[in-house]
Amino acid sequence: MRVTTSDIRKMKADGKRFSALTAYDAITARLLDEAGVPLLLVGDSLGMVVLGYENTIPVTLADILHHTRAVVRGTQRALVVADMPFMTYHRSLEQALENAGRCIQEGGAHAVKLEGGRTMAATIERLTSIGVPVLGHIGLTPQSVHQLGGFKVQGKTLDAARRLLDDAAAVEAAGAFGIVLECIPAEVARLITERLSIPTIGIGAGAGCDAQIQVSSDILGWLPDFTPKHTRPYAHLAAEAADAFRRFQEDVVAGNFPTEKESFSISSEVLAQLQKESAS
Ligand code: KIV
């Protein structure tokens, strides 16, 4: 049975911590599903960790739909949340409705995520009122990277922390089933978590959140150049992959690949006949 947004809410009510991870393709999604991760986010981090962009802003709805379909195909149990890209829900409630609808209908997602606090409350309210479950996202909201002046920790001053508390309350009141808290001080995240009845899903927000989310590529050590402070590499796939690619290239050049083991053959009778024909 698929995990539902009610199951996610209930985990907080029951005091059960849970994990969430990003996924962008069917094979990874299947591994995550089999590992028992209940919530998979097709994050617009896709732009940075798969598509090679500097930030998430160039990611399009078509990108998210394409990868969401793959993730849904790879899963049987996890709740799949599609991240709504920059400018696909900001212009009007109608635009948000139409594009969230596409994530659900065409992408097969079970919920959508959008960035923003009080300014997005009306959008969240509209979507949830017509049956589209929404995951909120406040703190470091990467789609506002130019406004924020970079990927910086948010909510460090009294005023900024107060604003985060108000944003979180607004997202909950608007009907979101959960909220991502990205890169905010652990003390502020703990306060928000205590005040809300929906689960807080932290990334760089300390241990006081109800759940933790990470970008899968980060915990796999898949990005050779950068490991964010808030992550922990559970594997070193970039180093392993680089080694595999180098050895393959060397084997081909040296004539060590392929061997008979990696080749296909025909029977000696067929070969003899073929040689005879090609000689004549
Ligand atoms: O796009 C993403 O991967 C995200 C997570 C960092 C929460 O928004």
Side-chain angles (χ1 to χ4, degrees), residues 8 18-25 28-29 32 37-61 63-68 70-71 78-90 99-100 103 107 109-117 120 124 133-145 148 150-155 164 167-168 171 176-184 189 192-193 198-206 209-220 222-223 226-233:
I8 297 290
F18 62 93
S19 72
L21 280 159
T22 62
Y24 317 100
D25 66 88
T28 312
L32 290 164
V37 178
L39 187 156
L40 303 189
L41 171 68
V42 186
D44 61 0
S45 49
L46 165 76
M48 299 172 77
V49 302
V50 177
L51 303 179
Y53 296 128
E54 244 178 53
N55 54 47
T56 61
I57 290 178
V59 174
T60 64
L61 189 66
D63 294 331
I64 288 291
L65 291 176
H66 180 73
H67 288 268
T68 300
V71 168
L79 180 88
V80 177
V81 181
D83 209 359
M84 295 189 68
F86 182 61
M87 279 299 151
T88 64
Y89 56 98
H90 303 82
N99 290 332
C103 289
H110 311 112
V112 297
K113 176 171 85 58
L114 50 87
E115 296 183 5
M120 279 299 142
I124 297 173
V134 177
L135 180 62
H137 183 166
I138 62 168
L140 170 52
T141 45
Q143 290 171 13
S144 310
V145 63
L148 300 174
F151 295 99
K152 293 178 181 163
V153 176
Q154 302 295 305
L164 283 177
D167 280 337
V171 167
F177 72 89
I179 184 166
V180 171
L181 306 179
E182 180 164 355
C183 289
I184 66 173
I192 294 174
T193 302
I198 56 170
T200 57
I201 306 179
I203 171 163
C209 298
D210 299 301
Q212 296 292 327
I213 186 163
Q214 287 285 318
V215 171
S216 293
S217 325
D218 288 338
I219 69 157
L220 292 174
W222 184 234
L223 305 176
F226 177 61
T227 308
K229 172 177 159 60
H230 60 67
T231 199
R232 182 184 298 169

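In listed order, ligands and their atoms are each counted from 1.
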Inset, instruction - Around atom 3 (O) of ligand 1, find the nearest protein heavy atom and jot down its residue, atom name and distance. - result: Ser45 OG, 2.5 Å
Inset, instruction - Go through ligand 1 atom by atom and flag the ones less than 4.0 Å from a non-hydrogen atom of Thr22. - result: 3 (O)
Inset, instruction - Examine distances only and state if a side-chain atom of Gln143 and a backbone atom of Met84 form a donor-acceptor pair shorter than 3.5 Å. - result: yes
Legend entry - Contact atoms of ligand 1, heavy-atom distance to Gly43 under 4.0 Å: 1 (O), 2 (C), 3 (O)
Legend entry - Side-chain heavy atoms of Gln214 within contact of Pro228, under 4.5 Å: no
Legend entry - 4.5 Å side-chain heavy-atom contact, Ile184 and Ile192: yes
Legend entry - Within 6.0 Å of NE2 in His66, more than 12 heavy atoms from elsewhere: no
Inset, instruction - Please write down residue, atom name and distance for the protein heavy atom closest to atom 8 (O) of ligand 1. - result: Lys113 NZ, 3.1 Å
Inset, instruction - Would you mind running through ligand 1 and noting each atom that sits below 4.0 Å from a heavy atom of Ile203? - result: 6 (C)
Inset, instruction - Please could you name the atoms of ligand 1 that His137 approaches to less than 4.0 Å, counting only its heavy atoms? - result: 8 (O)
Legend entry - ligand 1 contact on Thr56 by region, counting heavy-atom pairs under 4.0 Å: neither
Legend entry - Check: Val112 and Tyr89 side chains under 4.5 Å, non-hydrogen atoms: no
Inset, instruction - Give the residue and atom name of whichever protein heavy atom lies nearest to atom 4 (C) of ligand 1, and the separation in Å to one decimal. - result: Leu41 CD2, 3.6 Å
Inset, instruction - Determine whether the side chain, the backbone, both or neither of Asp44 has a heavy atom under 4.0 Å from any heavy atom of ligand 1. - result: both
Legend entry - Thr60 side chain near Pro85 side chain, heavy-atom distance below 4.5 Å: no
Inset, instruction - Please tell me if the side chains of Leu39 and Ile201 come closer than 4.5 Å, counting only heavy atoms from C-beta onward. - result: yes
